[in-house]
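Structure, as structure tokens:
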Protein chains: 2
Amino acid sequence: MKRKVTLKQIAKELDVSISTVSRALSNSKEIGEETRQKIQAFAKFYNYKPNNIALSLKNRKTKTIGILIPEIVHHFFSTVIRGIEIIANQRGYNVIIGLSNESFSKEVINMEMLANGSIDGFILSISKETLLHQDYHHFKETISQGIPIVMFDRVVNDIDCDKVIVDDYNGSVNAVKKLISTGCKNIALITTMDYVSVGKLRTQGYLQALEESKIHPKASLILKLDDSLALEEHLDVLEKEIEQFFMNNEKIDGLFAVNELYAVTAMKVARKLNLNIPEDIQVIGFTDGVLSKHARPSLTTISQHGQKIGEQAAHLLIDRLELDDEEDDIEEVDFERDMNFKTVVIETELIERDSTK
Amino acid sequence: MKRKVTLKQIAKELDVSISTVSRALSNSKEIGEETRQKIQAFAKFYNYKPNNIALSLKNRKTKTIGILIPEIVHHFFSTVIRGIEIIANQRGYNVIIGLSNESFSKEVINMEMLANGSIDGFILSISKETLLHQDYHHFKETISQGIPIVMFDRVVNDIDCDKVIVDDYNGSVNAVKKLISTGCKNIALITTMDYVSVGKLRTQGYLQALEESKIHPKASLILKLDDSLALEEHLDVLEKEIEQFFMNNEKIDGLFAVNELYAVTAMKVARKLNLNIPEDIQVIGFTDGVLSKHARPSLTTISQHGQKIGEQAAHLLIDRLELDDEEDDIEEVDFERDMNFKTVVIETELIERDSTK
DNA sequence: TGTTAACACGCAAACGTTTTCGTTGAGAAT
DNA sequence: ATTCTCAACGAAAACGTTTGCGTGTTAACA
């Protein structure tokens, strides 16, 4: 087992000083041609690579970004990660991942863990529990320590950071408009509780589309489901809830669901009730995952472009990190800095498949 | 922006030495009661947390493990990550993720990048390209540098490391036996090219099950697909290939597919050809993902227990890392060490749903 | 009173880098 | 002969920790 070779060892072996080795390897012209060649050859032979940790300590930056998400077995989130990773790698960064599992305390723990020097900045999506408690002190503290954050998808307004969000509102408006334009008169909505910001926005979009078409929304056409029902374990409960909902609203001819699972389950129920899709009832779901593509019939969805979100978030974060670098040199302009936080909106796209006319 | 406070700053502020602060915070009894209280109070007030990078440098271990996988937008892999993350967190480790995107060079680059001090050990699944080239020098080099590796799912034999594998062979045997026992006479197989070890094993299992039942395998009943067809982009091509396959083999009454996508697509084709599932043809797929659960009819699958795989892999790696710690102290027994690499086999489970009788 | 032990703390090395600021020697300029 | 100027290199600090060892003070002991 040959341990990694260090500058010190090379220096000793070649009977020069550490600084000479360091300079020779960085092609400094302060070092004589001959010595430089010798050192470089030796280093190459022993496959010298500078130790990242030592570099991190010296430069006070790790070149890694921390990703903090609620769940990883999830099409949308993993797509975002892929986007982040691509850009991060391109720009010389690594990614380290923390999972909150939708829990507030795990989010805090993970954050503190990584904030102690392990990462240069965060890209995160807030856990449901945090959103429910509305306790954002950990974000604020992290930021006040000089660690920038970029939030995506699930964001809150009162935090000073860059954000990348999906245009949930307009996406929903368009989806529902599509249903209206294809003749739906009684459009139902299956959504989540309001504290999840995206659920709220999608609900608002639904209402807006109805209003624009002078359709009066009916409370009975809106089904708000507890989030735990989204868990794969409670599939049967979810199914029954939706079935009950259908029974209570016999005239439903259009359905908009705020996620894929709700939509697909609703289709299953519709079929059970002998409703034909899209003839009797049209369905549109939010999030374009693998389910939508392979459902029967394939599901018309609103794509969120998760990868693009990740890429944008990564760019925003790294831009800010490298901007901070320059500011460190100049050492001024502290006042105007909080002004220019951006919020990038990623447009959604309606992907039409067989569940709509 | 208040930067994180360091030992040095505390020492200066309280007019003691750095060592005193360090010891006071670790509750050393070498420090007087009064001083200790004072320092601890001060540290708590300023929310002192030791800098991970500095600790890593000093201890020569980072308490992070590197995960290297071909793809993250993938149910199985993300499940494994979840398993790893859970155990890692429990045992005080972080995880850093690298994506090879099934490319050899990206795998090598990522590996070298992380091996330079960023991580203590790897958990990885080999990329297809690497498997194809059969070039494993980067694994060997990493290991020879004293960085342990745990491979999962896609493994190769001639590398000295712990492994966690799925019982692909027996899983397949059982699946095909199930088909036989429910009356299938002409069982087809849809698989991948042989260089992906798991595909090969699953094919062997299929053959074994046939043989045990004295059924002669027919080459015409085996469809080997190029891997690129697994990509979501080529769905239509995949569909046509399978349709052609069905046309050529009219008597197929059972089908075993080595992944979910093949199975679901085959069901789609079967339906198109007016075959009823499971009456006319039964289908079983490998990998229990979200598709299987929501397909119509729901798909009988072989579950790989991805999370369990991740958990096991994490335990194996961390056990070895902490065992290495002790050996560093003792400084001996270098010879017997390569003997005790474990290969843990995670049993599969046949999850029966509606695509089989 | 002199010796000693316990106590409470500081110094400095070490982890592996980069970089600033010397220092040395030789040849050129005065 | 003396000063100056480079070229070529080394020493040491710094990043933030931990820890072995040294040291000064005090109190207890003979």
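Below, chain A is the first sequence line, B the second, and so on; all start at residue 1.
- For the pair Ile10(A) CD1 and dT17(C) C1', the interatomic distance rounds to 12 Å; values are reported in whole Å.
- When DNA chain D is scanned 5' to 3' for any atom under 4.0 Å from a heavy atom of chain A, the first and last hits are dA8(D) to dG16(D).
- Using a 4.0 Å cut-off between charged side-chain N and carboxylate O, Arg91(B) and Asp319(B) make a salt bridge.
- Judged purely by atom type and a 3.5 angstrom limit, Lys4(A) has no side-chain atom pairing as donor or acceptor with the backbone of Gln145(B).
- A side-chain donor from one of Ser118(B) and Asn52(A) sits under 3.5 Å from a side-chain acceptor of the other.
- Annotation: salt bridge (Lys or Arg N to Asp or Glu O under 4.0 Å) contacts of Lys63(B) (sequence neighbours excluded): Glu322(B).
- Heavy-atom distances under 4.0 Å link DNA chain C to Tyr48(A), Lys49(A), Pro50(A), Asn51(A), Ala54(A), Leu55(A) of residues 46-56 of chain A, given in residue order.
- Within the 4.0 angstrom heavy-atom criterion, only backbone atoms of the sugar-phosphate kind lie near Thr6(A); the bases stay farther away.
- Counting non-hydrogen atoms under 4.0 angstrom, Thr35(B) reaches the backbone sugars and phosphates but no base.
- Note: CG (Leu57(B)) to P (dT18(C)) measures 13 Å, nearest angstrom.
- The two residues Val95(B) and Ile96(A) make their nearest non-hydrogen contact at O-CG1, 3.0 Å.
- Rounded to the nearest 0.5 angstrom, Ile318(A) CD1 and Ile87(A) CD1 are separated by 7.5 Å.
- Of the charged side-chain nitrogens involved, none lies within less than 4.0 Å of a carboxylate oxygen, so that Glu311(B) and Lys308(B) do not count as a salt-bridged pair.
- Within residues 13-20 of chain A, the residues having any heavy atom closer than 4.0 Å to DNA chain D are, in order of number, Val16(A), Ser17(A), Ser19(A), Thr20(A).
- For Met111(B), the side chain to side chain contact (heavy atoms under 4.5 Å, CB included) partners two or more places apart in sequence, or in a different chain, are Leu68(B), Phe122(B), Leu124(B), His138(B), Phe139(B), Thr142(B), Ile149(B).
- Rounding to the nearest 0.5 angstrom, the gap separating the CG atom in Asn101(B) from the CD1 atom in Ile69(B) is 10.5 Å.
- Shortest non-hydrogen contact noted between Ser22(B) and Leu7(B) is CB-CD1, 3.9 Å.
- Screening Thr343(B), Val155(B), Val150(B) against Val164(B) for a side chain to side chain contact (heavy atoms under 4.5 Å, CB included) leaves a single residue, Val150(B).
- In terms of modelled atom types and a separation under 3.5 Å, the side chain of Arg82(B) and the main chain of Gln307(B) share no donor-acceptor contact.
- For dT20(C), the base has a donor-acceptor partner in the side chain of Arg23(A) [N/O atoms by modelled type, under 3.5 angstrom].
- No donor-acceptor pair under 3.5 Å is formed between the side chain of Gln312(B) and the backbone N or O of Val344(B).
- Annotation: the terminal axes of the helix from dT1(C)-dA30(D) to dT30(C)-dA1(D) meet at 90°, where each axis is the rotation carrying the C1' atoms of four end pairs onto the next four (5 pairs per end, rounded to 10°).
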